[in-house]
Q: 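Here you go, one structure.
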Amino acid sequence: MELIIAANWKMHKTVAETVDFCRAILQNEALFKDVEVLICPPFTALPAASDLLRGSSIKLGAQNMHWEREGAFTGEISAPLLLDLGVEYVIIGHSERRQLFGEDDSRVQIKMKAALENGLKPILCVGETEAEREEDATEKVIKNQLFVALEGLSAEQADSLVVAYEPVWAIGTGKAALPRDAETASSYINEVIRNKFGKEAVNKIRIQYGGSVKEDNIGSFAVLSAIQGALVGGASLEADTFSALIQAARKAVLS
Ligand code: 13P
């Protein structure tokens, strides 16, 4: 399966900074062969990124969405509004949304359904906190998150799904998971997917690792059989650093 490497910029970059980044990354586009690369800027920078990336192989994702198509939802952005800008992917259930904005599994579930019904490809984030890890509850947490998020979806709908395994304690800490732990968690995600949608689904759904991914460590995740990419925060903010990270992943997979 093709690697999928996504930049989650979180709440970073003005329009001018986005333009600079997109121009710079487009210079390196030819080096990303066989890797699906996408950028998830803040909502305000989506139009500029969309204009610059149109016609290139670099795709666009959003960091969140509301589940209704339109209505009196002050401050929210819906799937049709994202599609209007050429957005193809949407991150759903990021741990920062769960922890800082009270997004629970039932919210994640209706967003997943709305994304897929509207033709957006979800990147569903799952992962345990430090305390849950210490309690040896990683699998239980992942299973619960997946069960609720995937409830009511058909195997066909699930085909376009990406699951990001992001242990909360590894995000922004510089302390990435050990590759063997990421592989164990991702294999478990595959097991849950197989039980729910059948074995064909495991060959279609891609799993990313996220949490302190950098040029230096991406290779050790990209080569793992249960992992097909990364969701990158801090190391995706500079075009040079992000390009180097993508090339390091490619090199690791090809060698
Ligand atoms: P960092 O790469 O900065 O640890 O962030 C990971 C993340 O949350 C991506 O969604």
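Hydrogens, waters and symmetry mates are skipped; everything else that's a heavy atom, side chains included, is used. Atoms within each ligand, like the ligands themselves, are counted from 1 in listed order.
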Q: Taking 4.0 angstrom as the limit and counting only heavy atoms of L231, give me the atoms of ligand 1 inside it, by number and element.
A: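 Once the distances to L231 are compared, the set is 9 (C), 10 (O).
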Q: So with a 6.0 Å cut-off around CD of E29, is the heavy-atom count from everything else above 12?
A: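 More than 12 within 6.0 Å, yes.
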Q: Would you mind telling me if ligand 1 is within reach of the side chain of N8, the backbone, both or neither, using heavy atoms under 4.0 Å?
A: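 For N8, only side-chain atoms sit under 4.0 Å from ligand 1.
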Q: Would you say A235 has any N or O atom under 3.5 Å from an N or O of ligand 1, going by distance alone?
A: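 For ligand 1, there is no N or O atom that lies under 3.5 Å from one belonging to A235.
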Q: Which of the atoms in ligand 1, numbered in the order shown and given with their element, are less than 4.0 Å from a heavy-atom of G233?
A: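 Near G233, meaning under 4.0 Å from one of its heavy atoms, ligand 1 has 1 (P), 2 (O), 3 (O), 5 (O), 6 (C), 9 (C).
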Q: Does R133 come within less than 4.0 Å of E130, counting only side-chain N to carboxylate O?
A: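 Yes.
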Q: Got the closest protein heavy atom to atom 7 (C) of ligand 1, with its distance?
A: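 Its nearest protein heavy-atom neighbour is E166 OE2, 3.2 Å.
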Q: Take the angle between the ring planes of F21 and W9 and call it parallel below 30°, perpendicular above 60°, tilted in between.
A: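 Correct class here is perpendicular.
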Q: More than 12 heavy atoms of other residues, nucleotides or ligands under 6.0 Å from NZ of K59: yes or no?
A: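 Counting other residues, nucleotides and ligands, NZ of K59 exceeds 12 neighbours.
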Q: Do other residues, nucleotides or ligands put more than 12 heavy atoms under 6.0 Å from the CZ atom of R250?
A: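 Enclosed: over 12 neighbouring heavy atoms sit under 6.0 Å from CZ of R250.
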Q: Identify the protein heavy atom lying closest to atom 5 (O) of ligand 1, giving its residue, its atom name and the separation to 0.1 Å.
A: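 Of the protein heavy atoms, K10 NZ, 3.3 Å lies nearest.
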Q: Closer than 4.0 angstrom, basic N to acidic O: yes or no for K140 and E135?
A: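 Here K140 does not pair with E135 in a salt bridge, since their nearest N and O are not under 4.0 Å apart.
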Q: More than 12 non-hydrogen atoms from neighbouring residues, nucleotides or ligands closer than 6.0 Å to CZ on F73, yes or no?
A: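 More than 12 heavy atoms, drawn from other residues, nucleotides or ligands, come within 6.0 Å of this atom.
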Q: Identify the closest protein heavy atom to atom 3 (O) of ligand 1: which residue and atom is it, and at what distance?
A: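 For atom 3 (O) of ligand 1, the nearest protein heavy atom is G234 N, 2.8 Å.
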Q: Taking only heavy atoms of H94 into account, list the atoms of ligand 1 that are under 4.0 Å away from them.
A: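 Answer, ordered by atom number: 7 (C), 8 (O), 9 (C), 10 (O).
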Q: Could you tell me if any non-hydrogen atom of G211 lies under 4.0 Å from any atom of ligand 1?
A: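 Yes.
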Q: Quick one: does S212 get an N or O within less than 3.5 Å of an N or O on ligand 1?
A: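 Yes: some nitrogen or oxygen of S212 is under 3.5 Å from one in ligand 1.
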